[in-house]
Amino acid sequence: MRGAFVMHGARWLSGEALVRLLVLLAALALLVVGLLFPLASMLVKSLQDRAGDFVGLANFARYVQTPALVGSIVNSLTVALTSTALVVGLAFLCAYGITRTCMPGKRLFRMLAVLPILAPSLLPAISLVYLFGNQGWFREVLMGQSIYGPIGIVLGMCFWIFPHALMILTTALSTSDARLYEAAEALGTPKWRSFLTITLPGARYGLISCAFVVFTLAITDFGVPKIIGGQFSVLATDVYRQVVGQQNFQMGAVVSVILLLPALASFVVDRWIQRRQVAQLSARAVPWRPTPSPLRDWAFAGLCYAVGAAILLVIGTAIYASLVQFWPYNLSLTLEHYAFEMLAGGGWASWFNSLKLAFSVALIGTLVIFFNAWLIEKSDGYRVLRQGLHFLAMLPMAVPGMVLGLAYIFFFNQAGNPLNWLYGTLAILVLNTLVHFYTVCHLTSVTALKQLDPEFEAVGASLKVPFWVTFRRVTLPVSLPAVLDISVYLFVNAMTTVSAVVFLYTSDTRLASVAVMHLDEAGYFASAAAMAVLIFFTSLAVKLAHAALSHLLLTRAQAWRQAG
Amino acid sequence: MPTLTAPLSPAAGTDRATVAEAGLHLEISGLTKRFGQFTALREIDLAIREGEFVCFLGPSGCGKTTLLRAIAGLAPQSAGRIIQRGRDISRLPPQARDFGIVFQSYALFPNLTVFDNVAYGLRNRRDDRAWIRARVAELLALVDLAGSEAKYPAALSGGQQQRVALARALATEPGLLLLDEPLSALDARVRVHLRGQIKALQARLGVTTIMVTHDQEEALAMADRIVVMNHGTIEQVGTPAEIYRRPASAFVAEFIGSMNFLEVRPDGAHALRLGRRRLDCPAHDCAGDSRARLAIRPEAVKLCAANEGLSARVEHVEFLGAFLRVGLTLTETGQALVADIAVRDAEALGLAPGASLGVLLPSEALRLYPGREARA
Ligand SMILES: Nc1ncnc2c1ncn2[C@@H]1O[C@H](COP(=O)(O)OP(=O)(O)O)[C@@H](O)[C@H]1O
Ligand SMILES: [Mg+2]
């Protein structure tokens, strides 16, 4: 009886190892087809002429000799560096307020500060036009300068990048060690010296990492400069203009390669810092608790509320603009701008397409990415394969959306590619979005998995339970909070992204974010605002549902999480 | 620390004869495990008998867990063979081997109740729910946790969690039970209690058991045989009494119990010189060496009047309840020596720091190991 079972077990097991290998290979195929091949096609394209013959660096030479194009590099750098300085400075002050003071209303401010993430980056640009444009209420504030151009771009960037910076810096500043401050106080060190010698060095890796993340987001963003850039061209809009405007795919590829460089560089630096930072944490650190100090607390509260008010103003402007008859002449309220059917942009169908995309990416992406992360993290054997997969999973972070989207055209639209049928379907949008936002989800999964007992899988194996059963019955339920975080992150990003998908939609698969852009291009500004607002409220609803669901699950899981 | 007051006898360990007659459960030969350049296990040969309770004992990092995981198939060996009940399992993955395991962390599934944890390995065997329920109840009764089915692991104490892990490992009636430091996370009182419970359970079920521990007291108290390991190799295999009385190497002698070491010079195969004094000792194989290390347990050292034996001075006296621990310095060589003396004997000797007295080293209690430089 036992002999028979073991024989049976042996055969079934080799099946299990095979399944493991096959899934790992499938994950590899996903990232190779969804990331490496397209990028390779793009590199090849940048070295070819229109006829497809190899011309070496001739395209790059032509690029360098075209002042209009080279100028964009300077423009991009100027805008990105200015935004980085502003956002990091402001976010640092706000993060300091949240973590190191007793300012009132921290929770409310943190909730407000998340809002920009829920909107496409087109939304702040549209609002800024309403606020500071030719018909804008605050036009005079700019003292004759136009909002169309660097000023508008920087302001718009600051708005939607701010939450990312705030999250990183809040984390960096909340890992403090009270013992250091107590020692400093005992030695009679003035507060400003404690700040310079303890607080800043403690947060330096967070600050550097934050600066690079912000810089990458700023230099690769497409939505803000597309709406408000005017004649001021940057790298991301150049890619679009070369490809969509002039049908010059080779030059589009060249600009993409150039756009890839700063993103790759900051990716490398960020990885390096992440590795350094681990060694810095001490398990014995005692968290520092701020003591009330009215002047300081209210100063920081004032600053944070000002930021919160600015965020509400920008979002509120978009909402209001979408509801009035004709800004600024007829301010009576109407819903007629939400009747998209007559206009450019595909109407409500595009919103349904976005919903379909967002739900598909959230569902498929969460399962695929979390399961892959689990295989990579918790299998033994296939070491090279797993390390390679981990590297590939980190790579999407370094690839700007514009670049990824264009690369998809080159790869999937090639004659003779067996995957050609994907081109123009919703499936390619799902694949593209999944790969585009892969890294953060992968890292979240890995962090969650590292907190689990490393022997769960071994116990399952010793009890002769197939690994996927242990995954379903133990790993997945225990990691549910992280899994929900991933799914909502994917949903919101799929809902709001423009950059990658702008190259990949067809008239049947037009997305809401792309519709915003087209409505704006066609001059239906109020409807563009309306569509952006629609996206915002969709994301907000999902985010709130997520919060409720997480709360429910945590209460239910309280039984096993906190018992005893 | 166990003190051996019984006279040494060559028959020690024969009470395990019943075990010896049973067949072999596990035969390990030439097992080597490398992690990159580092060799964690080197050419391990070991045979474990059916129904035996074996402890892997050694300092932290010596490769005990690695050997256990190799037996389980969780960390396959780089070279060597493992045969279980005549079946070569060297290349088999864990699922195809016949064992149950309890990890140091217990690795209980936090989101499953005690019932579901214990039944985890039963579900894919039979669909009969009533049978599973009866089996889980039986197992929980076995580990003294009857009625805890509905609790979650977080609601249990460390000792209770440990027993749930044990019940889960035993649920599928494995032929081999592997325990990796099962008691190390518990406080001392619980540990001693569970020690007896696990040992009794093992004897009752007759399941061949391997337990990893770095606690020599635990190994001496529980094991039928102890495998002493160091630096990825086996130093000695034997019953607790054999290991304690006849340590095969200076490492074992030092690792198990307390031991005095004295630098001496071998003098023929049956004697040695300590300073100028010539002492008889059991046969040893250091005859050719110029230096050797003499080992003797503190409780084997006898004290007597100053005019007998080796003269020594008392440095300090520690009262340890049942006996006194006396720190001595040998007058001639200046070497330090520790003796454990029954309180009754101490009174007769008039022990006090600074006192001079004589030391007797009974020849049957002496063991000689190669000197430090000769061992390299
Ligand atoms: N996965 C691994 N990779 C590299 N080295 C390992 C690994 N597992 C164990 N080791 C090393 O092998 C040696 C033995 O480890 P282990 O068997 O866990 O010791 P212990 O006897 O304390 O259980 C240690 O030096 C450890 O650092
Ligand atoms: Mg160990």
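Every chain is numbered from 1, with letters handed out A, B, ... down the list of sequences.
The number of heavy atoms from other shown groups lying within 6.0 Å of CZ (A:Phe359) does not exceed 12. Residue A:Lys543 places its NZ atom among 12 or fewer non-hydrogen atoms of other residues, nucleotides or ligands, all under 6.0 Å distant. Around atom CZ of B:Arg42, no more than 12 heavy atoms belonging to other residues, nucleotides or ligands sit under 6.0 Å away.
Heavy atoms closer than 4.5 Å to chain A are found in both the backbone and the side chain of B:Leu74. With a 4.5 angstrom heavy-atom cutoff, B:Leu108 touches chain A only via backbone atoms. Heavy-atom distances place both the backbone and the side chain of B:Arg168 under 4.5 Å from chain A. Looking at A:Thr470, the atoms closer than 4.5 Å to chain B (heavy atoms on both sides) sit in the backbone and in the side chain alike. Only the side chain of B:Phe103 comes within contact range of chain A, with heavy atoms under 4.5 Å apart.
For the pair A:Val465 and B:Gly121, the tightest heavy-atom approach, listed with the atom from each and the gap, is CG2-CA, 4.3 Å. For the pair A:Lys464 and B:Gln95, the tightest heavy-atom approach, listed with the atom from each and the gap, is CD-O, 3.1 Å. The two residues A:Gly460 and B:Tyr120 make their nearest non-hydrogen contact at CA-CE2, 4.3 Å.
Rounding to the nearest 0.5 angstrom, the gap separating the CG atom in B:Asn111 from the OG atom in A:Ser479 is 9.5 Å.
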Check the pair B:Asp116, A:Arg473 against side chain to side chain contact (heavy atoms under 4.5 Å, CB included), reporting the backbone distance first and the verdict last. CA-CA 10 Å; B:Asp116 284 329; A:Arg473 286 196 64 199; 3.8 Å; yes

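The backbone N or O of B:Phe109 lies less than 3.5 Å from no partner atom in the side chain of A:Asp453, so there is not a single donor-acceptor pair.
A:Phe456 places a side-chain heavy atom less than 4.5 Å from the side chain of B:Pro110.
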